[in-house]
Amino acid sequence: MAGKSKLKKDIAASREEIEKLERKLGRSQTAIIEAIITQTKPSDADIEYFRTYAQLIDVERENLQKLLAELKTFDKKQK
């Protein structure tokens, strides 16, 4: 099991990664919404970026949940 300080660093890094991916998702989402508003077809690239970033966010959120659970378990063992 990783040490508590390593877990906290990994949790912070995971949260930062989620924020970064959400910004990228937002940019592709904006392009898709603009296409809808202007009644044009969104580009295939924008749709693919959106799907990819959404999937990456899901994976990273699962990782974050595992890290948080591991930290909680670590804290319980320390008591």
Side-chain angles (χ1 to χ4, degrees):
M1 181 184 288
K4 188 172 183 174
S5 63
K6 172 133 173 46
L7 281 171
K8 286 185 175 186
K9 286 180 185 176
D10 290 347
I11 288 168
S14 180
R15 286 182 172 147
E16 288 177 27
E17 181 66 15
I18 290 170
E19 288 177 18
K20 182 180 84 174
L21 291 168
E22 285 175 339
R23 284 191 298 274
K24 290 179 179 182
L25 177 74
R27 287 194 291 269
S28 63
Q29 188 176 25
T30 299
I32 292 169
I33 291 170
E34 183 178 348
I36 292 169
I37 290 171
T38 60
Q39 297 180 348
T40 58
K41 183 184 179 301
S43 77
D44 292 339
D46 288 330
I47 292 170
E48 189 57 35
Y49 288 142
F50 179 84
R51 288 181 179 150
T52 300
Y53 291 130
Q55 289 173 347
L56 289 172
I57 289 168
D58 288 342
V59 168
E60 193 58 42
R61 283 185 179 148
E62 287 176 22
N63 180 52
L64 178 59
Q65 290 303 316
K66 288 176 187 175
L67 291 169
L68 290 169
E70 191 173 339
L71 180 61
K72 187 175 181 178
T73 301
F74 186 88
D75 285 342
K76 284 182 181 179
K77 288 182 180 182
Q78 297 299 311
K79 290 183 179 181

Practice task
Compare all side-chain heavy atoms of Lys72 with those of Lys76 and state whether any distance is below 4.5 angstrom.
Solution key: yes
Side-chain donor-acceptor pairs under 3.5 Å in residues 12-19, sequence neighbours left out?
residue, atom, partner, partner atom, Å
Ser14, OG, Glu60, OE2, 2.6
Glu17, OE1, Lys20, NZ, 3.2

Problem - Pair Asp75 + Lys4: basic N to acidic O under 4.0 Å - result: yes
Practice task
List the atom of Ile11, the atom of Leu64, and the distance in Å for their closest heavy-atom pair.
Solution key: CG2-CD1, 3.8 Å
Exercise for the section: Can you sort out the partners of Arg61 under salt bridge (charged side-chain N to carboxylate O under 4.0 Å, His left out), two or more places apart, ordered by chain and number? Expected result: Glu22
Only distances under 3.5 Å count here; give the side-chain donor-acceptor pairs of residues 28-42 to other protein atoms, sequence neighbours excluded, each with its distance to 0.1 Å.
residue, atom, partner, partner atom, Å
Ser28, OG, Leu25, O, 2.9
Thr30, OG1, Gly26, O, 2.8
Thr38, OG1, Glu34, O, 2.9
Thr38, OG1, Ala35, O, 3.3
Thr38, OG1, Thr40, OG1, 3.1
Thr40, OG1, Ala35, O, 3.4
Lys41, NZ, Asp44, OD1, 2.8

Enumerate, atom names and distances included, each donor-acceptor pair closer than 3.5 Å involving a side-chain atom of residues 49-58, sequence neighbours excluded.
residue, atom, partner, partner atom, Å
Thr52, OG1, Glu48, O, 2.8
Thr52, OG1, Glu48, OE2, 3.4

